[in-house]
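Heavy-atom basis, side chains included; hydrogens, waters and symmetry copies ignored.
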Amino acid sequence: MTDPINGIAAPAETEQESGHAFGTFNGVFLPSILTMLGAIMFLRVNYVTGTGGIAGALLILVAGVSIVLATALSISAISTNTPVKSGGVYFLISRTLGPGFGGSIGITLFFAQGISIPFNILGFAEAVCTDYPVLAPYYFYLSLGTGIVLLLVTFSGADFAMKFQFGIFIALLLGILTMYLGSALHFSPASFASNFKG
């Protein structure tokens, strides 16, 4: 095709890229923040704080955040210098560390992600049964039903899965907000001071 003004041949259009373009918020931020706000935070932070005290829990939190920050900065440095294709994290690992070492880490990553799914399903069922003790006898069926719902969401397509994860994100935000609101309404300086060191 020729430009009618300059008479220069316009560059041929590149073939349309396949896949979805979810952007930074839906494609990166939401999956990352939902991974961090998982079963460990909602079910085990109270145990860690009660055992190690507020100071110990904050120390563990700072150590965890520093590890996550170092990882995030490393991935940012790699992804800004390398075009990231399908495969996401596995693509980055295999291209950075080579097929041998990167492949073995990629397989470990695959199993870790696979194990995290039933782990979070069981954590969700435990939280529901803790809040509603009448459902405790149905723990297995609740876990199984949650897994089936997630399976249906997975096979319904990436667009629906993104909308579904946004709903989960809103629910988590409301849960965290009510936690802080309850803490503010029932804050006791004496309890804070006695629990600071454990």
Separation between CE of M179 and CG of N46, rounded to the nearest 0.5 Å
10.0 Å

Rounded at 0.5 Å granularity, tell me how far CG in L34 sits from CG in N120.
10.0 Å

I'd like to know if the side chain of Q165 and the backbone of N26 have a donor-acceptor N/O pair within less than 3.5 Å.
yes

Hydrophobic cluster membership, L69 vs I33, 4.5 Å side-chain cutoff
no

Say you draw a straight line from CG of L177 to CD1 of I170; how long is it, rounded to the nearest 0.5 Å?
11.0 Å

Following the transitive rule for hydrophobic clusters with a side-chain heavy-atom cut-off under 4.5 Å over Ile, Leu, Val, Met, Phe, Trp and Tyr, establish whether L30 and I168 coincide in one cluster.
yes

Donor-acceptor pair, side chain of S66 and main chain of A63, under 3.5 angstrom:
yes

Do L37 and I176 have side chains that approach each other closer than 4.5 Å (heavy atoms only, starting at C-beta)?
yes

Is I115 reachable from I107 through a run of I, L, V, M, F, W or Y residues, each pair having side-chain heavy atoms under 4.5 Å apart?
no

State plainly whether one hydrophobic cluster holds both L174 and F29, where clusters connect Ile, Leu, Val, Met, Phe, Trp and Tyr through side-chain heavy atoms under 4.5 angstrom apart.
yes

To check you understand the geometry: which heavy-atom pair defines the closest contact between V153 and A161, and what is its length?
CG1-CA, 4.0 Å

Is there a side-chain contact between L122 and Y139 in this structure, where contact means two heavy atoms from C-beta onward sitting under 4.5 Å apart?
yes

Flag, side chain of S191 to backbone of F187, donor-acceptor distance under 3.5 Å:
no

Using 0.5 Å steps for rounding, measure from the OG1 atom of T130 to the CG atom of L135.
10.5 Å

Grab the two heavy atoms, one from A125 and one from S143, that are nearest each other, plus how far apart they are.
CB-OG, 3.2 Å

Quick one: do I117 and L144 end up in the same hydrophobic cluster if we chain Ile, Leu, Val, Met, Phe, Trp and Tyr together by side-chain heavy atoms under 4.5 Å apart?
no

Please state whether the rings of F25 and F169 are parallel, tilted or perpendicular, taking 30° and 60° as the class boundaries.
perpendicular

Taking all non-hydrogen atoms of both residues into account, name the closest pair between P133 and P137 and its distance.
O-CD, 4.1 Å

Please check if the side chain of T178 supplies one atom and the backbone of G175 the other of a donor-acceptor pair under 3.5 Å.
yes

Drop me the distance from T49's OG1 to N195's CG, to the nearest 0.5 angstrom.
9.5 Å

I need the F164 CZ to D159 CG distance, nearest 0.5 Å.
15.0 Å

